[in-house]
Amino acid sequence: MTVRIAMIEGRGAYSKLKYESGVHRVQRVPATEAQGRIHTSTVTVSVMPEAEDVDVQINPADIQMDVMRSTGSGGQSVNTTDSAVRLTHKPSGLVVKCQQEKSQLKNRAMALKMLRAKLYEMELEKQTQARDAARRSQVGTGDRSEKIRTYNFPQDRLTDHRIGLTRHNLPGILDGALDEIIESLRAHFQAESLKSGN
């Protein structure tokens, strides 16, 4: 299986292209086909919005701070002052501990950085899982029976099976003349969304 990734930038790019997600079927007669038989192949397309940067906000009320004496080998401050800091993030249950510095304030600042980094990783993982689930729902199994569109080269025909739209002039469509198809899909799905009250 070959995977190709392209980034399309521009105002409204995702809202215009999101309906391209799904199984696209191509029917053609390869140049090497002596008998003129039509070959059918499919490609699955997934259109995803660019991920937003994860912004980790920590509410101070969500943090429980415990101070304790540093442990282990070290200088004079080990086992003599309450400089070690343990932070517990109540909503997530994450716990970080820092005792690198002699100062409780510095250890607290470092522990906060560690906590923010761990929460960032958790949020990133959540986003990744959500994106993966969205991609899987868009492309299904990739089976031909799930096709959303057919490009039939011998008949110079494009058919979008979701809305029953058929257009000719495949070379022009493949060169980018997609506006009519995109607008028809958008109008269809907006009407469906209004019907279902979403």
Side-chain angles (χ1 to χ4, degrees), residues 1-57 92 117-198:
M1 181 176 74
T2 304
V3 176
R4 297 275 187 264
I5 297 173
M7 179 178 279
I8 299 168
E9 295 180 317
R11 189 181 177 93
Y14 175 71
S15 66
K16 285 186 177 177
L17 295 175
K18 63 184 176 182
Y19 303 116
E20 295 302 299
S21 295
V23 178
H24 293 245
R25 179 176 73 169
V26 175
Q27 295 176 314
R28 63 191 181 89
V29 179
T32 56
E33 175 54 67
Q35 304 296 319
R37 286 183 296 234
I38 295 175
H39 288 229
T40 300
S41 54
T42 59
V43 63
T44 55
V45 175
S46 176
V47 180
M48 306 294 292
E50 189 174 5
E52 300 290 327
D53 284 339
V54 176
D55 184 21
V56 177
Q57 299 290 334
S92 66
K118 287 189 177 214
L119 287 170
Y120 175 88
E121 279 179 32
M122 281 176 63
E123 191 56 39
L124 216 53
E125 179 64 22
K126 227 191 299 181
Q127 274 193 8
T128 300
Q129 288 175 357
R131 272 201 311 274
D132 287 350
R135 188 187 63 77
R136 280 193 300 273
S137 72
Q138 284 181 9
V139 301
T141 63
D143 191 78
R144 288 180 191 176
S145 63
E146 297 176 332
K147 65 187 179 293
I148 62 164
R149 189 176 297 155
T150 295
Y151 305 81
N152 186 306
F153 282 84
Q155 296 177 13
D156 186 33
R157 171 177 55 81
L158 173 145
T159 301
D160 195 292
H161 304 286
R162 296 165 294 178
I163 58 175
L165 176 75
T166 295
R167 292 292 177 267
H168 294 276
N169 183 23
L170 267 182
I173 291 168
L174 294 176
D175 272 345
L178 285 164
D179 287 349
E180 182 191 0
I181 297 160
I182 288 169
E183 287 309 315
S184 299
L185 285 164
R186 188 161 32 175
H188 170 79
F189 285 109
Q190 281 177 347
E192 289 294 305
S193 182
L194 286 171
K195 269 192 235 172
S196 62
N198 292 334

Working to the nearest 0.5 angstrom, can you tell me the gap between [X] [atom1] and [Y] [atom2]?
| X | Y | atom1 | atom2 | result |
| --- | --- | --- | --- | --- |
| L119 | Q57 | CG | CD | 11.5 Å |
| H188 | R162 | NE2 | CZ | 8.0 Å |
| T40 | K147 | OG1 | NZ | 9.5 Å |
| T166 | H161 | OG1 | NE2 | 8.0 Å |
| I163 | R186 | CD1 | CZ | 13.0 Å |

Nearest heavy-atom pair of [X] and [Y]: which atoms, and what distance?
| X | Y | answer |
| --- | --- | --- |
| L170 | D156 | N-OD1, 2.7 Å |
| P30 | R37 | CD-O, 4.1 Å |
| P154 | Q27 | CD-O, 3.4 Å |
| I148 | G22 | CD1-CA, 4.0 Å |
| V47 | K18 | CG1-CA, 3.9 Å |
| E180 | S184 | O-OG, 2.8 Å |

Side chain to side chain, [X] and [Y], heavy atoms closer than 4.5 Å:
| X | Y | answer |
| --- | --- | --- |
| L165 | I181 | yes |
| I182 | Y19 | no |
| V26 | T42 | no |
| F153 | I38 | no |
| L185 | E20 | yes |

- Below 4.0 angstrom, N of the basic side chain to O of the carboxylate: do K118 and E121 qualify? no

- Message: Less than 3.5 Å apart, any donor N or O on the side chain of E125 or Q129 sitting next to an acceptor on the other?
- Response: yes

- Message: Does I173 form a side-chain contact (heavy atoms from CB on, under 4.5 Å) with L178? I'd like the steps, not just the answer.
- Response: CA-CA 6 Å; I173 291 168; L178 285 164; 3.8 Å; yes

- Task: Kindly say whether R149 contributes a backbone atom to a donor-acceptor pair with the side chain of D160 at under 3.5 angstrom?
- Result: no

